[in-house]
Participant: 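The structure that follows is given in the form of structure tokens.
Just so it is clear, the values below take in all heavy atoms, side chains as well, and ignore hydrogens, waters and symmetry mates. Proteins come first, then strands; the chains are lettered A, B, ... in the order of their sequence lines, and each starts at number 1.
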Amino acid sequence: GAGVSQTPSNKVTEKGKYVELRCDPISGHTALYWYRQSLGQGPEFLIYFQGTGAADDSGLPNDRFFAVRPEGSVSTLKIQRTERGDSAVYLCASSLWGNYGYTFGSGTRLTVV
Amino acid sequence: GQQLNQSPQSMFIQEGEDVSMNCTSSSIFNTWLWYKQDPGEGPVLLIALYKAGELTSNGRLTAQFGITRKDSFLNISASIPSDVGIYFCAGRVYGTASKLTFGTGTRLQVTL
């Protein structure tokens with residue numbers, strides 16, 4: 001597609017449940033990033049993929065968070081045993097070869113109740 | 001996680017006025033970027049700076065990479081209503097691949 005697509009746009013889940021957030025990057029972009037944006041804050045880095053592999057996952061807050069990109073295109077961010085503190089907008093971005101001209105998606109707003 | 005300090009936090013200005021905002025870091029950056037975010041959307045890149053002292057323009061926007069490598073400035077001239085939004089600085093620290101550290105944001109509101 002023309003831009004980075006994220007689904008769903010909104011997700012409400014109960015505390016303790018498992019959620020998956022999907023990101024479709026721009027076709028041909030090898031680099032993919034996940035960021036998390038809490039209310040009133042700037043985006044915070046979670047993980048960076050170059051192709052299929054996670055080149056840097058230092059931003060994942062704990063082992064409840066995991067992300068995959070099995071074919072080097074679509075990526076899924078998985079959160080287990082969700083907590084209220086996980087509520088935020090999860091942003092995905094992609095770029096060519098890891099340059100800084102990221103294109104961000106519109107994000108998935110996750111609310112844990 | 002670390003966030004860069006941006007100031008001011010928010011500003012109300014009149015259409016036609018010039019706007020200045022800045023961003024500071026405790027770390028040395030080798031790349032500074034400025035983004036704008038509209039409600040319900042992801043950030044959009046406005047300007048990228050790659051060298052200390054660099055001054056770059058994009059239309060009515062001008063940004064500078066500070067000489068100390070620890071700060072950056074964004075100026076918007078002759079503001080218009082569509083400049084409303086949240087402006088974020090972002091930087092890359094040496095040796096951290098493509099990971100960006102974002103600022104806390106400056107919310108700009110333009111009145112007619």
Participant: Is there a path from A/Y48 to A/L60 through hydrophobic residues (I, L, V, M, F, W, Y) whose side chains come within less than 4.5 Å of each other?
Facilitator: no
Participant: Is it true that, when you exclude A/F66 itself, more than 12 heavy atoms of the residues, nucleotides or ligands shown sit nearer than 6.0 Å to its CZ?
Facilitator: no
Participant: Go through the atoms of A/S58 and report whether side chain, backbone, both or neither lie under 4.5 Å from a heavy atom of chain B.
Facilitator: side chain
Participant: If you group Ile, Leu, Val, Met, Phe, Trp and Tyr by side-chain heavy-atom gaps below 4.5 Å, do B/L46 and B/L4 land in one group?
Facilitator: yes
Participant: Is there a donor-acceptor pair under 3.5 Å between the side chain of A/Y35 and the backbone N or O of B/L100?
Facilitator: yes
Participant: Locate the shortest heavy-atom distance separating B/G42 from A/L91; write the atom from each residue and the value.
Facilitator: CA-CD2, 4.1 Å
Participant: Out of curiosity, does A/Y102 fall in the hydrophobic cluster containing B/I86 (side-chain heavy atoms, cut-off under 4.5 Å, transitive links)?
Facilitator: yes
Participant: Could you tell me if the side chain of A/Q37 sits less than 4.5 Å from the side chain of B/F88, heavy atoms only?
Facilitator: yes
Participant: Hey, quick one: are A/V89 and A/I79 part of the same hydrophobic cluster, counting side-chain heavy atoms closer than 4.5 Å, chains of contacts allowed?
Facilitator: no
Participant: I need the B/E41 CD to A/F104 CZ distance, nearest 0.5 Å.
Facilitator: 13.0 Å
Participant: More than 12 heavy atoms of other residues, nucleotides or ligands under 6.0 Å from CD of B/Q9: yes or no?
Facilitator: no
Participant: B/Q37 versus chain A, heavy atoms under 4.5 Å apart: side chain, backbone, both or neither?
Facilitator: side chain
Participant: In Å and rounded to the nearest 0.5 Å, what is the OG to CG distance from A/S95 to B/L45?
Facilitator: 11.0 Å
